[in-house]
Each structure stands twice: as structure tokens, then as C-alpha cells.
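Just below is one structure, and these are the notes that go with it.
When a ligand or atom number is given, it counts from 1 through the structure's own listing order.
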Amino acid sequence: MSDPIVERIFELKKKHNAIILSHNYQRGEIQDIADFVGDSLGLSQQAAKADADLIVFCGVHFMAETAAILCKNKTVIMPDEHAGCPMAAMITARELREKKKLYPNAKVVCYVNSTAAVKAESDICCTSSNATKIVSSIPEDEDILFVPDKSLGAYVSSCLNRKMIFWDGYCPSHHRILAEQLVKLKSEHPKAKVVVHPECTPDVISLADHVASTTGIIKYAGSNNTKEFIIGTEIGILHRLRKENPDKTFIPITPLSDCPNMKLNTLEKVMWSLEDIQYVITVPEEIATEARQAIQKMLDLS
Ligand code: 13P
Ligand code: SF4
């Protein structure tokens, strides 16, 4: 039996020439009706090339803001205006300006999980899927100030054997994943492959077989012949992993690695957002212009 809410969403989508973009951590029912489900990089690439007048962005605020910056002529809305990212809130543009005074020659590499104002103060953006590539694009003799995720920064630094200056930001959901839990699970499932997100702490990352963005985790699980996987990231990813791989088993390291902000969006709110064309995400043009440069440099290298 078809769901009247889903039917109404499709009707409104058509009326407004809208597309729905969903992050891999969204509720399963939202992922199932989206036109595209992906990681931060994939979502920004889709937004940039979308042939639509309206983008319903189901994710958190910085993701919708990035889409709004890239899509000057499209309206970007979020179903819940309170869906923020706590990590992005761990650094302000003013704080970054002060830090830059201490390292005037450093290049600022900014994780996309940040506000537009922070991006505007940065030289180049990165996501979890291209951070190593972006940092490698900066000449070896240049200092790098990496903001705001110290865990992603430490991971990139160890991959490239390159020192960087870090900000003290982190993802509360990924930091609830503990190495002790992973050690126990590995001993209970010795054949399982361990795949984690680079927002995890270095001790968790050191125990993994593979480290990747959310879409990278999905690709790895789909292409690897192993039947059992231990997953170290936000639990919303399990929906897609299980749906696309019904013959495989996925074990979260902990059910506590949930991002409550990602779960604020619901099907009803998606419908209401299309009914009322809200909440519209806008970025002041002077900030958007600066931020766009940092984002575009990243997209050009991706
Ligand atoms: P991805 O870009 O890997 O999807 O990560 C976004 C995010 O917020 C992870 O917590
Ligand atoms: Fe932010 Fe972490 Fe939630 Fe990702 S999972 S949106 S980094 S709080």
C-alpha cells in the first residue's frame, strides 16, 4: 500500500521542480525517497549540477549551506532548521582569524563540516573522501592549519607523514566509538573486516582494515568478498549497507554512535518543507563569494 505522505512529497516535488538530496546518515525512509543519497562530497557535486529549481537538503546545516553557496540560482531548503553539526559549531570565524595571526604563513585547510563564515576564512576545503589528496596538493614546505576536526587531521597527518597544526574540534558521535569495544568485537568476529570513518579517534582507526568516507564505506562493503563487517561510523549508514548487501552482515561497533541532528529530519517534515518552501538556507553574498572559492578549489581537485 502506498504511503500518502510519500505520494504528497512526489506530487509537490513535481510541482516545484525539486530534487531531494539525502546524506547517508538520514533516516532510512528519507534515503528511500531521495533522488540521490551520498557523502558530503557527492552531495555537493550533485547540488552543483542539479537541474532543478528547488533542492530539499536532508542532512545537517553545513551541507545545505554548501549547496546554497554552489547553487546561486536555486533555492535550497532544509526540512528542520535546527539540524546543525556540533563539530561545525566548535569553531567560529573570529576564533579562526585569531589563530591565523599566530600562524600567518600557514595555509588553512577546512573540513567541510564548518560554517560558511569559517570556509570564507580558509584557503581550501576538504571532505572525508578527499582530505589526503587536498593536503597533498599543498607544497611540502608550507605549514598547514587544519580545522576543525582533529581526528581527521591526525589521520591525514599519519597517512602523509606530514606535521600539521590542528584545531581542537571533533565529532561527538564518532568519539563515542571506543577502541575497547572494537577489540572485543574483533575477537568475537575474527573473519570480519573493520571499516571506520576518519572522524573516529586514532586508536580506533589504528585497528581498522579500511578508513573511508560514508560513501567509501558503502563502496568497500559492496566490493569486498567478505560476508561480515564491523562498522565504525554513525549508525544511519546501516540502512544502506543492509539494503544494498542483503547477503552480508554489518555490526556497528556501538549503537551509541548516533547523530541526533541528522535524525531531526522526518518524512513529515520533508512534506511540510515542500508545502511551505521552508526553511530556506541563505548565505550573505560577501561570505558566500569567499567560501565558494575554498569549496571550488576542492571540487576542481576532486
Ligand atoms: P561524509 O562526508 O563521509 O559523508 O561525512 C560527513 C559527516 O558528517 C560524517 O560525520
Ligand atoms: Fe557532525 Fe558528527 Fe553529526 Fe557528522 S555525525 S553531522 S560530524 S555531529
Return a yes/no value for [X]: is any of its N or O atoms, backbone included, closer than 3.5 angstrom to an N or O of ligand 1?
X: S213; value: no
X: H197; value: yes
X: T214; value: yes
X: N24; value: no

Should you measure from each heavy atom of V60, which atoms of ligand 2 turn up under 4.0 Å away? 6 (S)

Could you tell me whether the side chains of [X] and [Y] share a donor-acceptor contact shorter than 3.5 Å?
X: S128; Y: D39; answer: no
X: N265; Y: Q26; answer: yes
X: H61; Y: T115; answer: no

Applying a 4.0 Å heavy-atom criterion (strictly less than), which segment of T127 is in contact with ligand 1: side chain, backbone, both, or neither? neither

Out of all atoms in ligand 1, which are within 4.0 Å of some heavy atom of [X]? Include the element for each.
X: Y25; result: 7 (C), 9 (C), 10 (O)
X: E199; result: 7 (C), 8 (O), 9 (C), 10 (O)
X: N113; result: 7 (C), 8 (O)

Nearest protein heavy atom to atom 3 (O) of ligand 1, by residue and atom, and its distance? S128 OG, 2.6 Å

among protein heavy atoms, the one nearest atom 2 (O) of ligand 1 is S40 OG, 2.7 Å

Flag the pair [X] and [Y] as a salt bridge only when some basic side-chain nitrogen lies within less than 4.0 angstrom of an acidic carboxylate oxygen.
X: D143; Y: K163; value: no
X: K150; Y: D168; value: yes
X: K13; Y: D35; value: yes
X: K248; Y: E228; value: no

Give a yes/no verdict on whether any heavy atom in M87 is under 4.0 Å from an atom of ligand 1. no

With a 4.0 Å cut-off on heavy atoms, is H23 touching ligand 1? yes

State whether the side chain of [X] and the backbone N or O of [Y] hold a donor-acceptor pair below 3.5 Å, judged by distance alone.
X: D258; Y: I235; value: no
X: T127; Y: S129; value: yes
X: R8; Y: M271; value: no

Listing residue and atom name, which protein N/O/S atoms are closer to atom 2 (Fe) of ligand 2 than 2.8 Å? C171 SG

About how many Å separate CD1 of I205 and OH of Y155, when rounded to the nearest 0.5 Å? 7.0 Å

Quick one: sort the H174 and Y25 rings into parallel, tilted or perpendicular, breaks at 30° and 60°. tilted

